[in-house]
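Below is one structure; the comments refer to it alone.
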2 protein chains.
Amino acid sequence: MTIEDVAAAAGVSRQTVSRALNNMAEIKPETRQRVLATIERLDYRPNAFARGMKTRKSNTIGLIVSDISNPFYPAVARGLFDAAETVGWNVVVYNTDLSRRREESALNELIARGADGVVGFFYALDDATLARYAGDLPMVVSDRPVDHAALTSVTTDFGAGIRAAVEHLVASGHQQIGMLDSTVGVAADERREAFVEQVPVALPAADLAGHVIQGPPTIPGGTAALHELLNARPEITAVVAFNDLMAIGAIHAARERGLAVPSELAVVGFDDLSIAPYVFPPLTTVHTDKYAHGRRLADVLHQLTAERTPDRYGERPAPSVSGSRVVLPATLIVRESA
Amino acid sequence: MTIEDVAAAAGVSRQTVSRALNNMAEIKPETRQRVLATIERLDYRPNAFARGMKTRKSNTIGLIVSDISNPFYPAVARGLFDAAETVGWNVVVYNTDLSRRREESALNELIARGADGVVGFFYALDDATLARYAGDLPMVVSDRPVDHAALTSVTTDFGAGIRAAVEHLVASGHQQIGMLDSTVGVAADERREAFVEQVPVALPAADLAGHVIQGPPTIPGGTAALHELLNARPEITAVVAFNDLMAIGAIHAARERGLAVPSELAVVGFDDLSIAPYVFPPLTTVHTDKYAHGRRLADVLHQLTAERTPDRYGERPAPSVSGSRVVLPATLIVRESA
DNA sequence: ATGAAAGCGCTAACAA
DNA sequence: TTGTTAGCGCTTTCAT
């Protein structure tokens, strides 16, 4: 079933079918109707390979994450999917498990397939490498600070979130505050930095080194990290976690130790996963709009691709988003765990 | 950068490059090495459009779910992704929100793109329609009972899970048991049927109609459903939920009503999401291995596609999986909520 | 407003 | 073992 069959059935030439298919101008409305009806009747679907071969576009983008089963990503992904759908993009997802090899192979795969762009949460690749790929493939980097003019990014205001969390804890009377930090991710740096910058202001005497424990950004990671932290510093009465998963793990650890939350140990998370209000006690955490984040990623990528295929004559050139940094807000939500 | 450039640079013909690229037999090892080196040096990547045009294969499969931000799906998806990666498949994900139109458009999109197959959690399309699509595109249907010889499926033993849950509740002394059922999904039928079949055995006098309340299979859906259920039947002391999300919502509703879980209301979920042990009280639920489920989906699809591209001469034909039904186990895990 | 011709980059079939 | 030919289905010139 090719365009030729449709043309024959409708009594026109291939090109006329193509014109109807692509909403081109130079076609008589009634001819278009007839062709469209034939297409419908024959259940014809244009072959994407042949089309891509000509147009060099695939209407496909990639989404690169470390692990889709980490609930943070699906929340973002959903926004991305929805925005992608409105512009006709299909999205293919890659899990990297933080492996450099897999981050690169996802990118290579995407290029070979003629993807229109990629949105990535990269952890292993450095800015220079990313920038090189971005030359071949429109790219939006998410949630990692980039320091390269060729890289476009959408990030979260991790610093503001952590600062609000620490402020809240200090205002609640906590003197000894610890952090459950992630071992992975460039983004972790920003959260930790905000923590160590902020905490001394309130607690000049704190020995920060021992107050920051790293672990995998997972529930068990949070559990282990809290135990380690409290074993070393039993005087700590509050912790801010890298993310909600670690915070939930910390609450679990507190229960194991017979510590009441928040009265004996206050816990604040980061992300505000959909489950956060339903753990016990309901999690005080830094909220970000993950759905909006996903939409924004797709929007920025879309602008990026639009810049590469110059508009028709006479349209005013939109300000370029290439190399831009979008920073999304992060605000503390106080529930009961702190 | 085309195969022609590589051929020129390596001093061979296109075809020889193609042979090196595809590990074909008729090529001298040293020639292959030379070509491969040239490919490396030139950073050449074969164009997937041109390749697909010839081979009619895309190394791409689709995953159709209702909503990737429902944590059940990412858990399955991860297994699917991992298995897909081992056979060189990329996977493009579609969210349908239970819409018939979107289920169909995902399928059409996949066919137009020459996808090698699809794995789907379908809710709106009927068996006949699905079977029609399955004729054009190797398809594995997940978690829905199918009654059509042309449809291959991988499902969960919902009945066994629900039966175990009810038995546990009855053994714990509960007389009045309700169900928080989902409004959506064919699969719901199976769980509800198992419930109504099982409960009468233990509770002959129960008026089941009022004991089954439907709602969206989400946390708020569970909260609303439990309120509705208890307002109508305050004598109920235990509920089994369609899934963990509804169960978590039910626990939340119990808290709003000042009901202690499990002493005043026992709650059993279904799925055993990764969060289940960490809500409070830890959720008693029916466990399924979602990662294995995802892998299995990919495996079955892979066998299906292998059947369509006949093996070389003389290989023993494997038993066909087309039209088969794989049923995955579901076992109760008793924690503290029931 | 429509049709004819060309060619995108690759691989399958055939020739050497 | 290697090279040559043909053509996959579509869109983009260009001609009518």
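In what follows, every chain begins at residue 1, and chains take the letters A, B, ... in the order their sequences are listed.
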Regarding the side chain of A:Pro46, the nearest nucleotide among C:dC10, D:dC10, C:dG3 is D:dC10
Rounded to whole Å, how long is the line connecting atom CZ of A:Arg34 with atom P of C:dT2? 8 Å
Using whole Å, what does the distance between atom P of nucleotide C:dC10 and atom NZ of B:Lys57 come to? 17 Å
Under 4.0 angstrom, heavy atoms only, what part of the nucleic acid is B:Arg56 near: base, sugar-phosphate, or nothing? sugar-phosphate
Suppose the criterion is ring-ring contact (aromatic ring centres under 6.0 Å, His included): which pairs have a residue in residues 73-108 of chain A, not counting sequence neighbours? A:Tyr73-A:Phe121, A:Trp89-A:His302
In whole angstrom, what separates B:Gln15's CD from C:dA12's P? 8 Å
Would you please confirm or rule out a distance under 4.0 Å between OP1 or OP2 of C:dT2 and any side-chain N or O of A:Thr31? yes
Within this structure, what is the CE-to-P distance between A:Met53 and C:dT11, rounded to whole angstrom? 10 Å
Does B:Arg19 reach a base, just sugar-phosphate, or nothing at all? Heavy atoms under 4.0 Å. base
Tell me: CD of A:Glu4 to C1' of C:dA5, nearest whole Å? 13 Å
Examine C:dT11: is either OP1 or OP2 under 4.0 Å from a nitrogen or oxygen in the side chain of B:Asn22? Give yes or no. yes
Test item: A:Asp116 side-chain N/O and A:Ile61 main-chain N/O as donor-acceptor pair under 3.5 Å: no
Closest of C:dT2, C:dA6, D:dT1 to the A:Ile27 side chain is C:dT2
Does C:dT11 have its OP1 or OP2 closer than 4.0 Å to a side-chain nitrogen or oxygen of B:Arg51? yes
The nucleotide from C:dT2, D:dC10, C:dA12 with an atom nearest the side chain of B:Thr55 is C:dA12
Under a 3.5 Å threshold, yes or no: a donor from one side chain and an acceptor from the other, between B:Ser105 and B:Asn108? no
Please determine if a side-chain N or O atom of A:Ser13 lies less than 4.0 Å away from the OP1 or OP2 oxygen of C:dG3. yes
Assert: residue with more 5' nearest nucleotide on DNA chain D, out of B:Lys54 and B:Lys28, is B:Lys28
Is B:Asp289 paired with B:Arg296 through a side-chain N to carboxylate O contact shorter than 4.0 Å? no
Rounded to whole angstroms, how far apart are CD1 on A:Ile3 and C1' on C:dA6? 15 Å
Between atom CZ in B:Arg14 and atom P in C:dA15, what is the gap in whole Å? 18 Å
Can you find a side chain N or O atom of B:Ser18 that sits less than 4.0 Å from OP1 or OP2 on C:dT11? yes
Within this structure, what is the CZ-to-C1' distance between A:Phe49 and C:dG9, rounded to whole angstrom? 13 Å
Salt-bridge contact B:Arg34-B:Glu30 (side-chain N to carboxylate O under 4.0 Å): no
